[in-house]
Amino acid sequence: QVQLVESGGGSVQAGQSLRLSCTTSGYTTGWVSMGWFRQAAGKEREGVAGIYSRSGSSYVDLPLRGRFTVTQDNAKETLYLQMDDLRPEDTAMYYCAASDRVTTMGLSVPSGYNYWGRGTQVTVSS
């Protein structure tokens, strides 16, 4: 059974950093792509960052560039999201997603992924 488990969330003050991890298990072939999404209360889920696992090509949502960095450890099939200079507007549930399919949807589209974690909460206070 494929599982994605996020960790590293928590409550921090504005300006601090967090590093989220997404560990995967139950899938041995290797992911095509992995991504991070977030959903704040009352808002739609939005793409944060993603990476094509084989090439390492990645993206970070434009407004988050310079503060967020996405990396992967292929050997561990783990995805990371380094979040620096956190702001109250970054408060959300953060989800990890993975795909074993090649699609044309791009890394920022939720429907491009077929496996999801349960999320980890990030709360940033001012």
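All of these numbers come straight from a predicted model, not from anything done at the bench. FYI, side chains are in, hydrogens and waters are out, and symmetry mates aren't considered; it's all heavy atoms of this structure.
With values rounded to the nearest 0.5 angstrom, R87 atom CZ is found 15.0 Å from Q16 atom CD. Here D84 contributes atom CG and L18 contributes atom CG; the two are 9.5 Å apart, rounded to the nearest 0.5 Å. Taking CE of M34 as the reference point, atom OG1 of T71 lies at 11.0 Å (rounded to 0.5 Å). Note that the CZ atom of R101 and the OG atom of S33 stand 9.0 Å from one another [nearest 0.5 Å]. Here the straight-line distance linking atom CE of M93 with atom CD of Q39 works out to 9.0 Å at 0.5 Å rounding. L79 CG to L20 CG: the interatomic distance, rounded to the nearest 0.5 Å, is 9.5 Å.
Closest heavy-atom contact between S126 and A14: CA-CB, 4.3 Å. The two residues P110 and S108 make their nearest non-hydrogen contact at CD-O, 3.6 Å. Across all their heavy atoms, G26 and V2 have their closest contact at O-CG2, 3.6 Å. In terms of heavy-atom proximity, V70 sits nearest to G50 at CG1-O, 3.8 Å. The nearest pair of heavy atoms linking D85 to D90 is O-OD2, 4.4 Å.
E46 is listed as a side-chain neighbour of R38, based on a closest heavy-atom distance under 4.5 Å. Residues V12 and T123 fail the side-chain proximity criterion, which asks for heavy atoms closer than 4.5 Å. A heavy-atom distance below 4.5 Å is not found between the side chains of V122 and T91. Residues Q82 and R67 are not in side-chain contact: their nearest non-hydrogen atoms beyond the backbone lie 4.5 Å or more apart. At a threshold of 4.5 Å between non-hydrogen side-chain atoms, the residues R19 and T69 do not count as touching.
Y80 and F68 sit in two unconnected hydrophobic clusters of ILVMFWY residues. Membership requires side-chain heavy atoms under 4.5 Å apart, directly or through other members. Put simply, L86 and Y95 are part of two different groups of oily side chains (I, L, V, M, F, W, Y) that touch within less than 4.5 Å, one to the next. Taken together through direct or relayed side-chain contacts under 4.5 Å among Ile, Leu, Val, Met, Phe, Trp and Tyr, Y115 and V32 form parts of separate hydrophobic clusters. Hydrophobic clustering of Ile, Leu, Val, Met, Phe, Trp and Tyr side chains at less than 4.5 Å, counting indirect connections, keeps Y94 apart from L107.
Looking at D73 and T78, their side chains never bring a donor and an acceptor atom within 3.5 Å of each other.
Looking only at distances, a side-chain donor or acceptor of E6 sits under 3.5 Å from a matching main-chain atom of R118. With hydrogens and angles disregarded, a donor-acceptor distance shorter than 3.5 Å links the side chain of R65 to the backbone of V60. Of the possible polar contacts, one joining the T24 side chain to the E77 backbone as a donor-acceptor pair under 3.5 Å is found.
W31 does not carry R54 over the face of its six-membered ring by the limits of under 6.0 Å from the centre and within 45° of the normal.
Atom CD of E44 is surrounded by 12 or fewer heavy atoms from other residues, nucleotides or ligands within 6.0 Å.
Using cut-offs of 30° and 60° for the angle between ring planes, the F37 and Y113 rings count as perpendicular.
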**Asked** Checking side chain to side chain contact (heavy atoms under 4.5 Å, CB included) for the pair C96/W36: CA distance, chi angles, key distance, verdict?
**Response** CA-CA 5 Å; C96 175; W36 288 102; 4.0 Å; yes
